[in-house]
Amino acid sequence: MNINEDRRPDEGERGDDSERLAAEKYISDLLARGQAVFEGQEPTPRTTHIVRRADDGRLTVRRLRFSS
């Protein structure tokens with residue numbers, strides 16, 4: 001048996017996964033509510049955030065304005 005097969009992720013790796021999942025859910029919720037659009041799309045009056053996909057696939061969010 002390989003020792004690495006039993007290896008559990010350390011706290012840092014679990015934290016990274018949970019942070020990534022939380023960020024993906026936040027972005028997904030913004031998109032579902034119509035409060036965000038991807039960079040390059042035309043913002044609507046309800047758009048409060050712009051989502052940008054980095055070259056490595058990561059998504060970043062930038063606040064455009066506050067909702068009225």
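Atoms OG and CZ, on S67 and R46 in that order, are 10.0 Å from each other to the nearest 0.5 Å. Here the CG-CZ distance, from L59 to R53, works out to 4.5 Å after rounding to the nearest 0.5 Å. In this structure, CZ in R52 is found 9.5 Å from CZ in R58, a value given to the nearest 0.5 Å. Of the inter-residue distances, the one linking Q35 atom CD with T44 atom OG1 reads 9.5 Å to the nearest 0.5 angstrom.
A salt bridge is defined here as a Lys NZ or Arg NE, NH1 or NH2 lying under 4.0 Å from an Asp or Glu carboxylate O, and R20 with D16 fails to meet this definition.
E39 and I50 get closest at one heavy-atom pair: CA-CG2, 3.8 Å. Between V37 and P43, the shortest heavy-atom distance links the atoms CG2-CA, 4.3 Å. Between T48 and F66, the shortest heavy-atom distance links the atoms CG2-C, 4.2 Å.
For the pair R65 (side chain) and T47 (backbone), a donor-acceptor distance under 3.5 Å is present.
Side-chain contact between H49 and L30: present, with at least one pair of heavy atoms (C-beta onward) separated by less than 4.5 Å.
Atom CZ of R63 sits in a crowded spot, with more than 12 heavy atoms from other residues, nucleotides or ligands closer than 6.0 Å. More than 12 heavy atoms of other residues, nucleotides or ligands shown are found within 6.0 angstrom of CG on D56.
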- request: Evaluate the criterion side chain to side chain contact (heavy atoms under 4.5 Å, CB included) for residue pair T60 and V51; output intermediate values, then yes/no.
  value: CA-CA 6 Å; T60 56; V51 179; over 6 Å; no

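Linking Ile, Leu, Val, Met, Phe, Trp and Tyr residues whenever their side-chain heavy atoms come within less than 4.5 Å leaves L64 and V61 in two separate clusters.
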